[in-house]
Amino acid sequence: MSTPLRPVLLVVAHGSRDPRHAATVHALVRRVRTLRPDLRVETGFLDFNVPSVPGVLESLETEGVRDVVVLPLLLTRAFHAKADIPAVLAAAPPRLRIRQAEVLGPSPLLLSALERRLYEAGLTPADKSSTGVVLASAGSSDPEAIAVIAEIAREWRLTGWCAVRPAFASASLPRTEDAVRQLRALGCARVAVAPYVLAPGFLPDRIARGAAGADVLADVLGPAPEVARVLLERYDAARAPSARAAGAA
């Protein structure tokens with residue numbers, strides 16, 4: 001009895017003129033392939049980098065692929081997830097059956113990845129109660145996305161940090177440097193900045209500059225194993241309805 005082919009996973013990244021961005025995206029996709037070697041994983045970019053999302057979809061259709069799960073490499077449901085990606089998918093070859101997976105955040109695994117990066121930067125679990133953390137995201141004009149970041153900060157604070165403050169590199173306030181000052185004024189013994197971003201680029205560099213007054217600056221999430229696991233969770237959730245229907249047939 002043959003096993004049904006799994007849908008191809010197409011990871012969709014924003015793209016950037018900064019070469020570190022694409023390199024980090026490809027490193028993350030390699031980790032996903034390592035975790036699930038029997039799954040075909042492709043990468044497409046919305047802008048600046050190749051291959052483009054339309055180009056990948058056309059190539060898959062030409063090969064005879066019929067089922068694709070498109071996974072936005074995004075941490076919040078903002079403009080790209082709500083408008084840009086659906087618009088690109090609406091123009092995809094009609095023979096492709098495409099499902100758009102949910103964005104990566106929020107997820108407990110992403111909080112674990114944030115802590116991993118802070119510990120790699122020099123903190124230890126014993127430092128939590130005396131350390132204030134700036135949860136520094138790229139920022140958005142979408143109120144839903146901003147509210148999600150604020151809620152993540154509240155939840156993360158409950159795990160034992162002295163305090164956690166959200167900050168934004170664009171579109172929203174406060175900036176990273178303002179949140180660092182707030183935590184100093186609050187009396188935290190040390191201040192750490194945790195970039196809630198997936199790959200290096202213009203806005204992560206702005207976060208890093210804003211962290212000049214902090215004691216610790218963590219790296220971007222990048223190809224952390226927890227991030228790769230979230231990708232696979234979102235893929236599995238997106239394909240679950242068809243998997244159930246196949247089992248009932």
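Residue indices begin at 1 and follow the sequence shown.
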Rounded distance (nearest 0.5 Å) linking atom OG1 of Thr43 with atom CG of Leu73: 8.5 Å
Is it true that Arg36 and Asp236 have a side-chain N and a carboxylate O under 4.0 angstrom from each other? yes
Is the shortest side-chain heavy-atom distance between Val197 and Leu221 below 4.5 Å? no
Supply the atom-to-atom distance Arg190 CZ to Leu183 CG, rounded to the nearest 0.5 angstrom. 13.0 Å
Smallest separation among heavy atoms of Ala101 and Pro72, with atom names: O-CD, 3.3 Å
Would Arg95 and Glu61 pass as an ion pair if we require N to O under 4.0 Å? yes
Determine yes or no for a side-chain-to-main-chain donor-acceptor pair under 3.5 angstrom, with Thr34 supplying the side chain and Arg30 the backbone. yes
Non-hydrogen atoms of Ala121 and Val216 that approach each other most closely: CB-CG1, 3.6 Å
Tell me whether Arg175 is salt-bridged to Asp178, with the criterion being a basic N under 4.0 Å from an acidic carboxylate O. no
Is the distance between the ring centroids of Phe45 and His26 less than 6.0 Å? yes
Side chain proximity check, Arg40 to Arg33, heavy atoms < 4.5 angstrom: no
Positive for salt bridge (Lys or Arg N to Asp or Glu O under 4.0 Å) with Glu226, one of Arg31, Arg116, Arg117: Arg116
Minimum heavy-atom distance between Phe168 and Ser137, given as atom pair plus value: CD2-OG, 3.1 Å
Would you please say whether a donor-acceptor pair under 3.5 Å links the side chains of Arg206 and Ser170? no
Can you name the closest pair of heavy atoms from Ser16 and Asn49 and give their distance? N-OD1, 2.8 Å
Does any N or O in the side chain of Arg184 come within less than 3.5 Å of the main-chain N or O of Gly213, such that one atom is a donor and the other an acceptor? yes
Can a salt bridge be assigned to the pair Arg239 and Asp67 using a cut-off of 4.0 Å between side-chain N and carboxylate O? no
Heavy atoms only: give me the nearest Ala228-Leu35 pair and the separation to one decimal. CB-CD1, 3.6 Å
For the pair Asp127 (side chain) and Thr124 (backbone), establish whether a donor and an acceptor sit closer than 3.5 Å, ignoring hydrogens and angles. yes
Can you confirm whether Pro195 sits close enough to Asp219 that some side-chain heavy atom of one is under 4.5 Å from a side-chain heavy atom of the other? no
Under 4.0 Å between a side-chain nitrogen and a carboxylate oxygen: does that hold for Glu177 and Arg209? no
Starting from Leu203, can I reach Val134 by hopping between I/L/V/M/F/W/Y residues whose side chains sit under 4.5 Å apart? no
Parallel, tilted or perpendicular for Trp161 and Trp156, by the 30°/60° rule? perpendicular
Is the backbone of Ala199 close enough, under 3.5 Å, to the side chain of His21 for a donor and an acceptor to pair up by distance? no
In the structure I gave you, are the side-chain heavy atoms of Leu46 and Val53 within less than 4.5 Å of one another anywhere? yes
Taking side chain as C-beta onward, heavy atoms only, is Thr76 less than 4.5 Å from Val103? no
Assess whether atom CZ of Arg17 is packed by more than 12 heavy atoms of other residues, nucleotides or ligands within 6.0 Å. no
Within this structure, what is the CG-OG1 distance for the pair Leu118 and Thr131, rounded to the nearest 0.5 Å? 8.5 Å
Hey, are the side chains of Leu75 and Ile149 touching, using non-hydrogen atoms and a 4.5 Å cut-off? no
